[in-house]
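The structure under discussion appears below in the form of structure tokens.
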Amino acid sequence: MDTKVLSLTNKSTLEFALLKTKLNIPHTRLSVVSRPRLLKELDEGFSKKLTVIAAPAGYGKSTLAGEWANKGGGPVSWVSLDSGDNDPYRFWSYITASLEQVSPDMLSRVKSTLHLINQAPEALITILVNDLCNVSQDFCLVLDNYHSIINDFIHNSLYFLIKYMPSSMHILIIGRTKPPFSLSRFLINQDLKILSFKELKFNTDEISKFFKQKDVHLSVEDINKFAVSTEGWPAGMQLAAYSLHNNQNKPGNMVNLNGNDYHISSYFAEEALNIWPEDIKTFLLQTSVLEQLTWKLCNAVTGRTDSQDVLQKLAENSSFLIALDYEEKWFRYHHLFLAFLRARLSAEKKYNIAILHRLAGEWYENNGCIPQAIDHFFKSNDYIRCSYLIKNYWLQFLKVRGMKTLLELFEALPATIIEKNVEFIVLHAWTWVLSDDQPFLYRMNMANKRLDKAEELCREESKNNLPETERCRLLGEIALARAKTSSPNIREMAAYIREAYHNLPGGSALVRPEIQINLGLPMLLRTRYLQQNAAELQQAVSCVRDMQLMLDKIAGGSLVGWSSGVYGELAYEFNHLEEATRLLLRSIREAERAGEIGIVIPGLLNLARIKRARGMVQEAFELTAAAEKQARENKLLFWLPVIDSLRARICMETGYKEYIYQWKKTYHFDIYDNLSENIEFQLITLARVLIFEGNLDRALFLLERLLDFAEDEKRMLSKIEILNLQAIVYHEKGKIEKAVKVLKRSLAIGEKDGCMRSFIDEGRAMADLFDSYAVQQDKTNQSSEDRDSFPYVRDLINLTRDFVSTINLVSGEKDSQTTEMLTEREIEVLQLLAEGLNNREVAQRLILSQNTVKSHIANIYSKLMVNNRAQAIQKGREMGII
């Protein structure tokens, strides 16, 4: 339509010149995924003066508001704005026409004076407000695409309306940016509701519903991958569905969607890149080499001096730029948009990508961000500078990026950079030692090859110019690594540590990650430092004591608590529970003072095992909660699957099926998972769960795999546990002779070291198995060797029966499974949450501090394996607590 036709010059042309379709509420299509959680947010906003929905293109802003307006919660007037509405007369004519739909013929005075808007805006809006005061019911004015309005006069006049409009009126503003007038007044007065892209992005449930409507059925794993790759961007869902149908409905094409997809690329080009002038487009492309953006870094990479203003402009316009902090100093691009920008950067040959990475690397190095500097120097092919930083900041990179990434970096560097540098080879060996994504023996073999090369270079004094002190240091660090590769030979380990001790009078920083990552996970994970050949476990005590003294000096005295923790675990295995408790408490106290949380957490978990051995189930759960708190607060999240697996084991004894179900649902462990030290405890727990559920054949399959792994890796304690479980399964299947045969094999190993708890902790199942064992022994003629072992077996039988009696007694005193999970106070808190009370109200009702209430709530979430109040309340109802 000719814009001249839309130019409003007088009152008489108003009703004919306005496009009536701009006043229509968008129709809600049947294919739209209803989003109750967001509709509820808009319902809550209706009680306030103003709601703002601000998000980039494609986040379903108008669709959501249209669904809300169509559901009939109250009268809604709608205006779809565009750039032509920057004329004040035109803008307010549309507003007036829209409001007239709410109250016909009430706004005649305003319509007759609209031509005065430029001369007396406040007078005109005062008339409008006074007329609107006569509307008897609550109503809403929706202004869609408000980002099209750039006229300050209109912004100021709208702000005046919002400030003084009647309480029955609510305004909903939709746009790619927040309105440019101040919102703080409304925020302070609790008169504002804001929905951003964070709220609008699809969650996994909504993604699943969307694709089901498109007749596409994805696995939970694929949905999770897709949620990560698209970051819940609704337009991405639509484009993905289109691409999927063009690819014969193959889910693999769906989860691999990226910024190079033709449809997504076209969308970004039209809606997010080409809307900007050339200098901003250049900025977007050049800064796409960065994972994170801050204005000083952007200045360094682009050569600009105004990056702060550019970032602010991009952020204000919601241009797929996401703030990473509240101060909005650091940003990142949306993942798909970043992939699009990088593809465009590579396609446009005028940019030297290597130089952009080098400039970024220099900025990061100058600002002490070494891992990021290494990344960019590597991408700029500056391998010499990259290797220099790795050699000098290896520990820092290790802590930030992890062993796997560092190992990949070593493998990617040219051999000419590594092979002539002894220290670089040593660090390469240590990276193999500390990595965990390959089988232990393979990793140690690779490490030893590197150590052989490093030692050869160190000892060839004529071929290198190493000072004697430097040569001794490197030989000492080689010996430290050899101590790890020689595991599980405890004597050989001690000998290498002694060699390292003599060569490192000034100590070494390398021992800290070795202790924190490996020695910090003792028997609970069946780590190699307690995995001895049969008849050698008792010798570990003296060796560990010597190793502790030497390692303390090498590491500067920071490893206090480690040996006490190991002794405590050994004492537990030998069934010396009082001694184990004393040692573990000492270990925890010493480690806490030194800040060695990697020693504190297994200490707490082993105390939980002792409590459980004494039938104190609730206390055991509380200790696991304390361990989880330490892990979360110190960002040691790799402990969480271990902690939850220990809880699952306790729950199997108490019969709490719901937690076991949640454990399986949370972690998705499978009988075909790759075996490694770090996952062994969890997979043995899975075998226990399968036995608990009666899936005996699947359990046997997994146990066979675990047994082969334990034998190959010489994991003696694990072998005992796995054999015991195999014997229990055969016993439940009625294969008594086979069960007893496997049990005898386990007993033969355990007797040589006096292992006790590995048998006793199996409880009722082991007691029944021992009964069958005794019957079999009575039926056969015993050799002298068999008779000699009887005192050991007799003690185990009696102790196992005592343990079963203890567990049965404690279980009989419990009113329900619930009381074994939650304390009385936690149940009270959960009941009050179900009544709708907030933290402050719960604290007042129970006469507690709010921090204490928060702690109780965190424990409830942890024990019930839920993430929020709604889930906790639902779980409580299912359990019959509330």
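These values consider heavy atoms only, across backbone and side chains, with no hydrogens, waters or symmetry-generated copies. In this chain, numbering begins with 1 at the start of the sequence shown.
- The two residues N634 and Q630 have their closest heavy-atom pair at ND2-O, 2.8 Å.
- Judged purely by atom type and a 3.5 angstrom limit, R715 has no side-chain atom pairing as donor or acceptor with the backbone of F709.
- In summary, the side chains of N606 and Y572 do not present any donor paired with an acceptor at a separation below 3.5 Å, with no hydrogens or angles considered.
- When each of Y383, W432, F424, W394 is paired with F410, the ring pair (Phe, Tyr, Trp, His ring centres under 6.0 Å) condition holds for F424 and for no other.
- Between R482 and E477, none of the side-chain N atoms (NZ, or NE/NH1/NH2) sits under 4.0 Å from a carboxylate O, so this pair counts as no salt bridge.
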For this session: Begin with the C-alpha distance, continue with both residues' side-chain angles, and end with the deciding distance and a verdict on salt bridge (Lys or Arg N to Asp or Glu O under 4.0 Å) for E362 and R385.
Result: CA-CA 10 Å; E362 290 174 352; R385 205 161 182 177; 3.5 Å; yes
For this session: Determine, stepwise, if the pair E628 / L640 fulfils side chain to side chain contact (heavy atoms under 4.5 Å, CB included).
Result: CA-CA 7 Å; E628 180 181 354; L640 297 182; 3.8 Å; yes
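- In summary, R589 and E592 do not engage in a salt bridge, as defined by a charged side-chain N under 4.0 Å from a carboxylate O.
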For this session: Could you give me the CA-CA distance, side-chain angles and deciding distance for Y364 and L297, then say whether side chain to side chain contact (heavy atoms under 4.5 Å, CB included) is met?
Result: CA-CA 8 Å; Y364 273 120; L297 171 59; 3.4 Å; yes
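- Contact record, V426 with I478: CG2-CG1, 3.9 Å, taken as the closest heavy-atom pair.
- Proximity of a side-chain donor or acceptor of E423 to a complementary backbone N or O of L474 within less than 3.5 Å is not detected.
- Around CG of D673, the count of heavy atoms belonging to other residues, nucleotides or ligands within 6.0 Å exceeds 12.
- Summarising the geometry, atom CH2 belonging to W295 is positioned 13.5 Å from atom CZ belonging to R304; distances are rounded to the nearest 0.5 Å.
- Salt bridge R471/E468: present, at least one basic N to carboxylate O contact under 4.0 Å.
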Exercise. Step by step, would you call F378 with L413 a side chain to side chain contact (heavy atoms under 4.5 Å, CB included)?
Worked result: CA-CA 8 Å; F378 183 82; L413 286 170; 4.0 Å; yes
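- Considering all non-hydrogen atoms of both residues, V433 and A447 come closest at CG2-CB, 3.6 Å.
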Problem set entry | Residues Y496, T485; criterion side chain to side chain donor-acceptor pair (under 3.5 Å); working and verdict | CA-CA 10 Å; Y496 278 122; T485 63; over 6 Å; no
